[in-house]
Protein chains: 2
Amino acid sequence: MPRILRINTRTKEYSFEEVGPYAGLGGRALTSRIINKEVPANCHPLSSENKLVFATGLMGGSTAANSGRLSVGTKSPLTGGIKESNSGGLFAHKMPKMDLLAVILEDKPEEAAPFSTLFITKDKVIFKDASDIVGMDNYPAHDKLLEEYGNKLVAGMIGPAGETVRKTATIQFTDPYKRPARSAGRGGTGAVMGSKKVKAIILDPEVNEKVSAVDMDAFKTARTTWVDILKGHPVTSEGLPGFGTSILVNIVNEAGALPTKNFRFGQCDHAADISGETIAETIQARSGKTTEGCHTGCIIQCSQQYNDANGEYITSGFEYETVWAFGANALIKDMDDIATMDRICDEKGMDTIEIGNTIAVAMDGGIIPWGDGKAAIELLKKVGSDDPMGMIIGNGVGFAGGAFGVERLPIVKNQSMPAYDPRAVKGVGVTYATTAMGADHTAGYGVCQNILGVGGTVDGHKKDGNVELSKNLQVATAAIDSMGFCLFVAFAVLDSENGVQTMADLVQAYTGNTFTADDLVNLGVNCMKDEQEFNERAGFTKMDDKLPRFFETDPLPPHNVAWDYNEDELQGAKA
Amino acid sequence: MPRILRINTRTKEYSFEEVGPYAGLGGRALTSRIINKEVPANCHPLSSENKLVFATGLMGGSTAANSGRLSVGTKSPLTGGIKESNSGGLFAHKMPKMDLLAVILEDKPEEAAPFSTLFITKDKVIFKDASDIVGMDNYPAHDKLLEEYGNKLVAGMIGPAGETVRKTATIQFTDPYKRPARSAGRGGTGAVMGSKKVKAIILDPEVNEKVSAVDMDAFKTARTTWVDILKGHPVTSEGLPGFGTSILVNIVNEAGALPTKNFRFGQCDHAADISGETIAETIQARSGKTTEGCHTGCIIQCSQQYNDANGEYITSGFEYETVWAFGANALIKDMDDIATMDRICDEKGMDTIEIGNTIAVAMDGGIIPWGDGKAAIELLKKVGSDDPMGMIIGNGVGFAGGAFGVERLPIVKNQSMPAYDPRAVKGVGVTYATTAMGADHTAGYGVCQNILGVGGTVDGHKKDGNVELSKNLQVATAAIDSMGFCLFVAFAVLDSENGVQTMADLVQAYTGNTFTADDLVNLGVNCMKDEQEFNERAGFTKMDDKLPRFFETDPLPPHNVAWDYNEDELQGAKA
């Protein structure tokens with residue numbers, strides 16, 4: 001029986017509860033429902049009234065391919081709205097093996113209270129003094145946890161950025177290679193964990209119960225079809241495994257949609273230097289790994305291990321958005337500098353998209369020179385300390401813009417945009433504007449139809465069809481996030497006749513509850529409604545579903561396309 | 001004929017224009033109408049699309065008592081909403097003597113452009129290179145301007161805080177004692193001036209045309225009545241001249257409404273040390289001045305000159321809100337430290353209310369110890385430099401809260417509250433919540449009826465009557481600000497049967513246009529409507545007309561009163 005574990009971080013009381021009113025939900029649908037129902041929308045995100053929810057998806061714990069993604073939900077310190085931040089790692093598949101559907105951190109200790117590590121067993125939560133790892137970067141702290149708990153360690157933890165409640169703070173999760181390299185990256189979830197004085201959460205390595213599908217025959221059939229679908233699509237079977245997500249650098253640059261120099265241009269002169277092809281060559285020459293999975297059961301393997309010139313590990317989980325943010329948007333050409341920054345972000349526990357954009361804003365404000373990777377690295381190292389520059393950088397683009405007097409800020413709901421310029425990829429621009437999350441490509445990835453020709457074709461330069469496109473993608477994404485699937489399955493599902501039905505079949509066979517394709521859509525729609533409802537109560541209106549004005553006034557080279565939606569048109573993308 | 005002077009700060013073109021559609025408006029009604037009609041509500045406050053308007057009131061240039069207040073209007077970098085910041089000094093009375101009703105700064109130069117000083121003559125605007133005073137504090141820069149332009153200098157200028165576009169930046173104006181001690185304090189107007197690369201505006205000392213009332217007989221009669229009203233009320237004739245605005249320290253403390261230790265308590269143990277009575281004694285013992293006016297024609301004389309123990313000038317225009325912010329809210333006991341901070345704020349060009357509250361937040365976040373005036377002084381000195389701590393402090397309470405991880409932030413629309421706790425003075429609390437300005441006591445001073453017994457009595461601990469009270473006061477205040485009267489005339493007007501009629505008579509006699517008591521009310525109502533309309537287009541809703549949640553959850557000692565309005569109740573205070 002899946003259970004919800006509530007932990008009061010002030011009183012150190014806890015309870016394992018029945019799922020009750022949350023039955024039938026998982027992943028993002030569950031975190032967003034809990035936040036919407038239980039958190040006062042106008043509370044301060046760092047206050048005792050906020051909650052932090054970790055939820056496995058409906059398929060969590062199963063052997064279906066790519067079904068081990070984790071949802072982390074809270075009221076975001078970055079946006080002031082609801083947040084679901086999605087991560088790989090071992091946490092989501094482990095939870096069901098402890099009969100856990102969700103873990104909720106509640107309340108918060110006194111200001112001066114020490115940090116704790118929460119050790120969760122099958123029926124207990126043990127608050128351990130975390131003073132031996134407080135202040136430490138994530139990799140060395142994770143190494144200490146490995147020493148203490150052994151090789152079966154499954155942890156979620158915050159670095160110095162989270163401890164100091166920075167708005168960019170991530171929660172990092174143990175990956176299949178014993179590294180804390182997977183991130184619930186966006187929206188400052190790590191700051192909420194820091195405000196609750198929790199340095200790490202450990203799931204008991206000794207508990208590992210097998211979770212069987214309720215209808216095993218049907219499950220096996222659907223699982224095979226599912227693998228065929230994923231293996232049958234060139235993006236999920238060739239592009240992503242071959243070159244990682246950075247295969248997009250050349251593609252998006254070619255399309256004139258690669259935001260460059262703080263969103264001034266759509267193409268970057270040195271795109272080839274930071275392309276997936278170049279990265280893959282470099283990795284191979286340095287005995288790294290071009291294919292890794294972020295969680296067990298992944299058959300796409302889009303992740304890599306990037307080594308330095310001596311073959312020493314620098315970083316992994318090194319994504320296109322990270323490469324773009326430092327490489328194109330901040331004009332840094334040196335891939336080793338970019339990889340080092342990815343590592344520092346994982347060490348301090350910071351969102352690479354937000355931080356990369358923040359570095360571009362620091363360059364725009366004259367704090368460091370454009371393209372200066374070494375200077376950027378020094379700025380990143382300050383985060384998590386009591387250095388005021390670290391306080392600024394660690395709080396993201398909107399904050400840094402206020403500190404440095406920069407008005408060119410590519411943000412929606414105070415969250416900065418990922419690696420696709422909304423003027424040239426309007427399908428994703430509509431998502432940036434309208435999702436409850438703030439600017440977020442993963443909430444409705446219009447890049448598929450606007451650029452990749454996956455799931456059909458919609459012109460990304462024109463308004464026609466992109467509001468409807470974004471809405472459909474947002475619904476589908478919310479459902480995928482709720483089932484615990486990796487978002488990249490969408491590439492295959494969008495071009496597959498039976499993709500949606502197969503996902504529904506998997507849920508029905510695994511859970512034993514009737515679950516149709518319509519139920520899948522409703523799961524997504526209701527999830528979005530929870531998120532919109534929370535944000536409305538927090539004071540968001542259609543006036544917050546807008547892009548910054550410079551996207552309207554400054555056309556994007558080379559195609560000279562501008563953003564031209566009014567707020568009423570955009571409301572069509574809401575659930 | 002009054003004219004509007006438009007100055008394009010990028011092209012250096014200018015035009016003296018007829019008043020046209022703005023006829024009949026003055027002061028705040030004029031700045032708010034211009035901003036509402038001419039500035040895109042969703043533009044960035046530091047962008048070329050924002051404007052900065054200086055307007056004299058309908059009574060500007062007249063010999064009516066206390067009619068020389070200046071309105072400075074813009075889209076606020078602090079709140080993101082419309083802003084009218086009101087100042088004393090010589091600017092407002094001087095403008096009509098040059099046939100100027102308003103001066104509008106438009107557009108902005110390139111990022112790397114040097115700062116200019118604008119020298120305004122009767123028919124020209126001369127852009128002078130300001131490099132000799134750029135980076136200088138306001139007093140020494142003002143001294144240089146005095147050297148260059150002589151003793152008749154009338155200037156408005158920004159200090160280092162404005163040059164570096166801090167959100168707390170003021171514009172400082174020449175006072176009657178040749179000091180830049182009067183401030184358009186709130187909302188970051190100085191940052192907008194800084195973004196337009198204007199260090200100072202000088203009104204030609206050689207032009208000083210007498211402005212006569214159109215109906216001189218009626219004007220003289222009304223003017224005499226007006227003096228009788230002001231001289232006949234104990235607050236304007238005895239309290240304010242005798243002890244300055246800090247007479248309120250003991251009164252508000254006694255009422256349990258003096259916000260103490262970042263709005264934790266309603267009474268301060270060392271209130272007597274920072275009271276108006278103590279300040280007046282100290283001033284007298286040190287050969288300072290207990291009475292000064294902020295502009296010519298002032299007969300209330302609530303200002304002072306505060307000297308150090310050696311009789312050397314420290315500061316003037318040293319107000320209750322300043323004394324409270326550093327003294328009670330940041331627990332600093334040493335009056336000389338507080339006076340020094342007031343001076344530093346005038347030197348750097350920073351709002352003392354916002355900065356005092358920011359110091360309290362820095363103390364709450366453990367950056368400096370509670371009550372440590374010397375440490376606070378060091379923090380203030382950093383503002384306007386490239387020190388990141390100065391960037392943080394100079395951006396005010398909301399920003400510092402984000403940097404220091406403090407969730408207890410007494411702000412509305414990101415502007416921090418003045419010296420009256422809204423839980424115990426609900427009349428002013430309603431104003432904080434609902435005025436378009438952000439938390440602002442001067443927008444509707446419910447303290448009169450809640451504490452002072454001026455204009456009747458309304459219980460400040462209870463909800464009954466305070467929404468209506470606030471609305472009436474907000475309308476009256478908008479009218480007073482539009483006529484150019486000092487807000488303190490309201491003390492006398494509220495207790496006078498013919499106060500409103502006399503103000504209307506003065507306007508009618510001075511301008512020659514029919515102006516009834518109803519017209520006066522409509523002036524205020526329409527001004528508020530302009531402000532509300534702009535904010536609505538900028539995305540503000542009733543959800544922004546709220547106080548932070550801790551005012552609801554934490555009752556205020558000693559009377560243990562909490563804030564208990566819902567947002568719909570509060571809408572009754574809007575125009």
Side-chain angles (χ1 to χ4, degrees), chain A residues 40-50 77-78 108 111-112 163-167 191 194-195 364-367 382 386-396 398-409 536-550 552-553 567, chain B residues 40-50 77-78 108 111-112 163-167 191 194-195 364-367 382 386-396 398-409 536-550 552-553 567:
Chain A
N42 65 339
C43 78
H44 192 292
L46 302 180
S47 73
S48 59
E49 294 182 303
N50 199 6
L78 184 73
K108 66 183 249 192
E111 199 69 26
E163 291 177 30
T164 54
V165 297
R166 293 306 93 202
K167 295 176 195 288
S195 76
D364 227 343
I367 305 299
K382 295 177 191 289
D386 58 5
D387 186 317
M389 182 56 87
M391 295 175 182
I392 294 169
I393 298 292
N395 271 349
F399 200 86
F404 305 149
V406 175
E407 59 162 292
R408 187 182 193 83
L409 302 174
E536 276 168 33
R537 284 188 295 113
F540 287 81
T541 69
K542 67 178 181 180
M543 299 301 281
D544 298 294
D545 295 335
K546 291 174 75 111
L547 303 192
R549 192 160 160 77
F550 78 84
E552 298 169 19
T553 54
E567 55 265 23
Chain B
N42 66 337
C43 77
H44 192 292
L46 302 180
S47 72
S48 59
E49 294 183 303
N50 199 6
L78 184 74
K108 69 183 249 193
E111 199 70 25
E163 291 177 30
T164 55
V165 298
R166 292 305 95 202
K167 295 176 196 288
S195 75
D364 227 343
I367 304 298
K382 294 178 193 288
D386 57 6
D387 186 317
M389 181 57 87
M391 296 174 182
I392 294 168
I393 298 293
N395 270 351
F399 200 87
F404 305 149
V406 174
E407 58 162 291
R408 186 182 194 83
L409 302 174
E536 278 167 32
R537 284 188 295 115
F540 288 81
T541 69
K542 68 180 182 182
M543 299 300 281
D544 298 292
D545 296 334
K546 292 175 73 113
L547 303 192
R549 192 159 160 79
F550 77 84
E552 298 168 17
T553 54
E567 55 265 22

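Order of the sequence lines sets the chain letters (A, B, ...), proteins ahead of strands, with each chain counted from 1. Since the structure is predicted, the reported quantities are computational estimates derived from the model, not experimental observations.
- No side-chain heavy atom of Pro548(B) sits less than 4.5 Å from a side-chain heavy atom of Leu409(B).
- The most heavy-atom pairs under 4.5 Å with chain B, out of Gly394(A), Gly405(A), Cys43(A), Ser47(A), come from Ser47(A).
- Interface summary for chain A: among Asn395(B), Thr164(B), Ile367(B), Asp544(B), the most heavy-atom pairs under 4.5 angstrom belong to Asn395(B).
- For Ala403(B), the side-chain contact (heavy atoms from CB on, under 4.5 Å) partners two or more places apart in sequence, or in a different chain, are Met391(A), Phe399(A), Ile392(B).
- Heavy atoms closer than 4.5 Å to chain A are found in the side chain of Lys546(B), but not in its backbone.
- Contact annotation for Glu536(A): only backbone heavy atoms (N, CA, C, O) come within less than 4.5 Å of a heavy atom of chain B.
- Interface residue Arg166(A): only side-chain heavy atoms are found under 4.5 Å from chain B.
- The part of Thr541(B) that comes within reach of chain A is its side chain, from C-beta onward, which places non-hydrogen atoms under 4.5 angstrom from that chain.
- In this structure, Pro40(B) and Arg549(A) have side chains that are in contact, with non-hydrogen atoms separated by less than 4.5 Å.
- Checking side-chain atoms of Asp364(A) against main-chain N and O of Arg408(A) turns up no donor-acceptor pair under 3.5 Å.
- A salt bridge links Glu407(A) to Lys108(B): one of the charged nitrogens lies within less than 4.0 Å of a carboxylate oxygen.
- The line from CZ of Phe404(A) to CE of Met389(A) is 4.5 Å long, rounded to the nearest 0.5 Å.
- Interface summary for chain A: among His44(B), Glu111(B), Arg537(B), the most heavy-atom pairs under 4.5 angstrom belong to His44(B).
- For Asn42(A), the parts lying under 4.5 angstrom from a heavy atom of chain B are both the backbone and the side chain.
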